[in-house]
S.K.: 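Structure in structure tokens, see below.
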2 protein chains.
Amino acid sequence: MTDPDSPAPRSAGARRGRPPSNALSRERILDAALAVLEREGPDALTLRRLGADLGSNHTAVLRYFSGKDDILLGLAERLIAEAVDGFEPGPTWRATLTGLARRVRRACLAHPALAVLVASRVSRRDAEFRGADLVIGALLEAGFGARESARYYRSLVDVTLAMSSFEAASAMLDGPEREGDRMAWQREYLMASPQRFPQLASVAPHLAQADEDDQFEFVMGLLLDAVEARSGRPV
Amino acid sequence: MTDPDSPAPRSAGARRGRPPSNALSRERILDAALAVLEREGPDALTLRRLGADLGSNHTAVLRYFSGKDDILLGLAERLIAEAVDGFEPGPTWRATLTGLARRVRRACLAHPALAVLVASRVSRRDAEFRGADLVIGALLEAGFGARESARYYRSLVDVTLAMSSFEAASAMLDGPEREGDRMAWQREYLMASPQRFPQLASVAPHLAQADEDDQFEFVMGLLLDAVEARSGRPV
DNA sequence: ACCTGAACACCGTTCAAGT
DNA sequence: ACCTGAACACCGTTCAAGT
């Protein structure tokens, strides 16, 4: 059942004067939802707010989506599509895997409020299948069998999605413009009792140094090192 | 519900004895909150529900916590404490790291509704410091310097927490009834078009086979393999 | 000192009625 | 065919008033 949604556009002849700017559609609703999320965060996304932004009654949206949750699912598909659309495999299987992981993370950080809401429930739809096909293709190319490829696929996807949404959640918590809280985080670790936590204390000054970009690259590097070591086909 | 075991009805002197059973306290409120979360999931945790369960007005709770968010933070500390309390380092540094990761995951899966709510905002408090001290101690023992230990610490903690909460989120989504949706997940992947997604199709039957326990162990194994390879001190 | 009850400003969803 | 408006059953938080 693909695409029973978009209501019939009005006939060309009826187009006199201004088109009704408030004609609803699934796409227009998703656009508005994304705009609210990006500007004001997850809590601002309510049906009433959406109706106001769209110039409609807040219940009109329910003609296009079965409920708020359905809107979230539609946004989830957009998020994963943003990561996968236009991606081309790299020169090596490892480059392909690294590149796709970076794109997923980038999409999550570009829409952190959305990532927080939907990352653990990516809808199994077209964009996700395309991503899966690319990842599994790279793993088969690396020399893994079907069973192993399935395993590594799940590991890489789980870690990438989990870390990306985790990071998005921190970004949201710190507030859109608050750099201050990250300093607080570091300060608390630096203030932990050296008597009670000697190992922690000896390392604390380094804890806040690595930035998030480096951190993600580092973890993916670790993971792919292990995958490569097991593949028997170093790139 | 009547309470036949309740203390003697209030008399003139009762006030000087033990407090009435419905006396509020932070601990009693956290107990009640945890009970609601475990029985009925994240959405059931409301101040009104908490008040009802505690036999109090729903606003009385606000005398002990500054708001609902403050209750969540209190629960977060309990979650991490459950993972860390009583843990002893293993015979090797790798065993220590594996053991602690398993405990964090187990605590998250024991309280999935809680893990979903708080995993990305673990409060930097006592239990977390104890965990950090253990992990960093193991990494120093593995031969890493302070800077490297800080890096690996963050990687291991991020992946463990992110994957555990991610998994908890899936467990919650599948609903307490379970099982049904995991089959649906598998079915959708099996039904993906083999023409459009040939690599995916060739591997799909294996995708749903690995259970979640194996999956977590597998990822931690990959990560620790890479850490061990870089340590220059195989266990 | 601790708790209650009412009030306030919100939610998502349903549904009869309008156009 | 599409949308509105009222209604329903909820939220978290504040605060004057009770005991």
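Numbered from 1 within each chain, the chains take letters A, B, ... in sequence-line order.
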S.K.: Rounding to an integer number of Å, can you tell me how far A:Leu47 CG sits from D:dA6 C1'?
M.R.: 16 Å

S.K.: Of all heavy-atom pairs between A:Arg103 and A:Ala83, which one has the smallest distance, and what is that distance?
M.R.: NH1-O, 2.6 Å

S.K.: Roughly, in whole Å, what's the span from CG in A:Leu50 to C1' in C:dC11?
M.R.: 14 Å

S.K.: Which atom pair, heavy atoms only, marks the closest approach of A:Leu24 to A:Ser56?
M.R.: CD2-OG, 3.6 Å

S.K.: Out of D:dC2, C:dG12, C:dA6, which has the shortest distance to the side chain of A:Lys68?
M.R.: C:dG12

S.K.: Could you check how far NE2 of A:His58 sits from C1' of D:dC8, rounded to whole Å?
M.R.: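 Rounded to whole Å, this separation is 12 Å.
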
S.K.: In whole Å, I'd like the distance from the CZ atom of B:Phe65 to the P atom of D:dT13.
M.R.: 13 Å

S.K.: D:dA7, D:dT14, C:dC3: which one has an atom nearest the side-chain heavy atoms of B:Ala60?
M.R.: C:dC3

S.K.: Could you please name the partner base of D:dG18, counting Watson-Crick and G-U wobble pairs only when both distances are under 3.5 Å?
M.R.: C:dC2

S.K.: Show the nearest heavy-atom pair for residues A:Gly67 and A:Leu62, with the distance to one decimal.
M.R.: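 The answer is CA-CD2, 3.9 Å.
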
S.K.: Using a 4.0 Å heavy-atom cut-off, does B:Leu45 contact any base of the nucleic acid, only the sugar-phosphate backbone, or nothing at all?
M.R.: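 Answer is sugar-phosphate: B:Leu45 comes under 4.0 Å of backbone atoms only.
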
S.K.: Counting only side-chain heavy atoms from C-beta out, which of D:dC3, C:dC3, D:dC15 sits nearest to A:Tyr64?
M.R.: D:dC3

S.K.: Checking contacts here: which listed nucleotide (C:dC3, D:dG12, D:dT14) is nearest the side-chain heavy atoms of B:Leu62?
M.R.: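 It is D:dT14.
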
S.K.: Starting at the 5' end of DNA chain C, which residue's closest nucleotide do you reach first, A:Ser66 or A:Ala44?
M.R.: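 The 5'-side residue here is A:Ala44.
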
S.K.: Find the distance A:Arg49:CZ to C:dG12:C1' and express it as a whole number of Å.
M.R.: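 To the nearest whole Å, that distance equals 17 Å.
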
S.K.: From CG of B:Asp70 over to C1' of D:dG12, roughly how many Å is that when rounded to an integer?
M.R.: 14 Å

S.K.: Taking A:Arg26 for the side chain and A:Tyr64 for the main chain, is one N or O donor matched with an acceptor at less than 3.5 Å?
M.R.: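 Indeed, once roles are kept as given, a pair shorter than 3.5 Å links the two residues.
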
S.K.: Of the options C:dC3, D:dT4, C:dT13, whose atoms approach the side-chain atoms of A:Ser56 most closely?
M.R.: D:dT4

S.K.: Examine B:Arg151 relative to A:Phe218 and say whether NZ or CZ is less than 6.0 Å from the centre of the six-membered ring and inside a 45° cone about the ring axis.
M.R.: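 Pair B:Arg151/A:Phe218 counts as cation-pi.
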
S.K.: How many whole angstroms separate atom CZ of A:Arg48 from atom C1' of C:dT14?
M.R.: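 These atoms are roughly 12 Å apart.
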
S.K.: May I have the distance from A:Leu72 (atom CG) to C:dT13 (atom P), rounded to whole angstrom?
M.R.: 11 Å

S.K.: For the side chain of A:Arg63, counting heavy atoms from C-beta on, which of C:dA6, D:dC3, C:dC3 is nearest?
M.R.: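 Closest nucleotide among those given: D:dC3.
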
S.K.: Applying a 3.5 Å limit to both distances, which nucleotide forms a Watson-Crick or G-U wobble pair with D:dC10?
M.R.: none

S.K.: Which nucleotide in the set C:dA6, C:dT13, C:dC3 lies at the smallest distance from any side-chain heavy atom of B:Thr59?
M.R.: C:dA6

